[in-house]
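In what follows, a structure is listed as structure tokens, so that the remarks can point back to it.
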Amino acid sequence: MPSKMGSCDAEPSFQVSPETEKFLCERLLDKQQPISERFRVLFSLRNLYGAAPRNALIQATRDTSNLLAHEAAFALGQMQDVEAIPALEIILNDMSLHPIVRHEAAEALGAIGLERNVPLLKKSLASDPAQEVRETCELALSRIEEVRNTSAVSKSSPFLSVDPAAPATCSSVGELRETLLGEEKSMYERYAALFALRNIGEEEATSAIVESLSANSALLRHEVAYVLGQLQNKKASDALSEILRDVKEHPMVRHEAAEALDSIADCQCIALLEEFAKDPEPIVSQSCEVALSRLDFERSGKSFEYLFMQTPQVPQPSY
């Protein structure tokens with residue numbers, strides 16, 4: 001999982017042989033592999049640190065699959081590897097890339113949390129044409145300021161993720177709901193309320209989170225769907241299903257809804273994922289494909305990620 005804040009010399013979560021590392025890096029970049037297999041490798045590489053995994057993920061941010069490219073940028077942020085900052089800056093400034101990829105680059109710079117990232121984010125906040133990217137820059141800048149002023153953001157999330165905002169300290173579900181639904185509130189305040197409600201996790205808190213799926217911001221809606229996936233609450237399945245079905249919804253929101261439905265994984269959710277694996281929007285169809293593959297692994301009692309040992313055997317390709 002993530003290294004220490006802003007550190008590039010943390011011990012890796014897993015150690016693998018050079019042969020296994022090479023296999024995983026090459027397989028991630030092999031466009032002949034199914035998207036689900038490449039995601040399996042990507043999730044595995046996220047547990048490793050060093051030049052080879054980092055460079056493979058950076059190369060993957062240029063993939064023709066916007067879904068894979070954005071997930072690679074997200075992984076670099078979760079790893080909090082400062083050596084990835086120059087590449088993330090290039091991604092953020094490259095208007096030829098899909099906004100979902102630029103958005104993840106901005107979020108990754110915020111997750112790394114260093115002061116040197118502030119000018120990069122301010123520049124994109126002022127100039128990026130995509131609202132979701134500008135809002136992500138605003139969020140990332142607030143997170144870096146929070147890191148500067150308190151250690152709260154550095155605390156580990158109970159969901160083992162590097163969150164874009166520290167959970168709000170308020171414990172009242174009613175007040176948190178009001179903040180989350182408040183269109184006049186800053187994005188950071190609303191994210192902080194969202195993560196606080198997630199950590200509470202009770203029925204009233206979950207209901208407030210589901211209610212916020214009607215927010216004006218696509219960025220916030222996508223994070224809400226992501227959080228509902230973390231909570232794995234079946235009561236959210238109807239609302240998430242509506243999002244996945246809505247072809248007018250932003251692809252990044254539909255993508256997160258698909259992943260959340262994967263985590264709930266009842267018969268209705270699986271049928272919907274199978275239906276939208278044929279969606280004309282690749283970000284959505286590929287999300288459903290990956291979700292269904294992950295469910296297949298779980299049904300067979302296997303891990304979706306490659307399991308590492310001190311001296312693992314190189315995994316053999318499966319066709």
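No experiment lies behind these values; they were computed from the predicted model shown. What you see below is based on every heavy atom in this structure, not just the backbone, and it leaves out hydrogens, waters and symmetry mates. Along the sequence shown, the residues carry numbers beginning at 1.
Under the rule for a side chain to side chain contact (heavy atoms under 4.5 Å, CB included), the partners of Arg177 that lie at least two apart in sequence or sit in another chain are Leu181, Ala208, Glu211. The ring-ring contact (aromatic ring centres under 6.0 Å, His included) test applied to Tyr226 returns no partner, not counting sequence neighbours.
In this model, no donor atom of one side chain and acceptor atom of the other lie less than 3.5 Å apart for Ser161 and Gln78. Side-chain N/O atoms of Ser65 and Asp63 include no donor and acceptor closer than 3.5 Å. Using modelled atom types, one finds a donor on one side chain and an acceptor on the other under 3.5 Å when comparing Ser217 with Glu135. No side-chain donor-acceptor contact under 3.5 Å links Glu203 and Thr206.
More than 12 heavy atoms of other residues, nucleotides or ligands sit less than 6.0 Å from atom CD of Glu298. Atom CD of Glu178 sits in a sparse spot, with 12 or fewer heavy atoms from other residues, nucleotides or ligands closer than 6.0 Å. The number of heavy atoms from other shown groups lying within 6.0 Å of CD (Glu183) is above 12.
Judged purely by atom type and a 3.5 angstrom limit, Ser36 has no side-chain atom pairing as donor or acceptor with the backbone of Val290. Not one N or O on the side chain of Arg254 forms a donor-acceptor pair closer than 3.5 Å with the backbone of Glu249.
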Run the numbers on Glu145 and Ser142 for side chain to side chain donor-acceptor pair (under 3.5 Å), then give the verdict.
-> CA-CA 5 Å; Glu145 182 178 0; Ser142 295; 5.3 Å; no
Given side-chain contact (heavy atoms from CB on, under 4.5 Å), test Asn233 with Val210 step by step and report yes or no.
-> CA-CA 10 Å; Asn233 192 312; Val210 171; over 6 Å; no
Is there a side-chain contact (heavy atoms from CB on, under 4.5 Å) between Ile112 and Leu88 once you walk through the steps?
-> CA-CA 11 Å; Ile112 294 170; Leu88 290 168; 3.8 Å; yes
Please tabulate, for the side chains in residues 116-125, all donor-acceptor contacts under 3.5 angstrom to protein atoms that are two or more places apart in sequence or on a different chain.
residue, atom, partner, partner atom, Å
Asn117, ND2, Leu109, O, 2.9

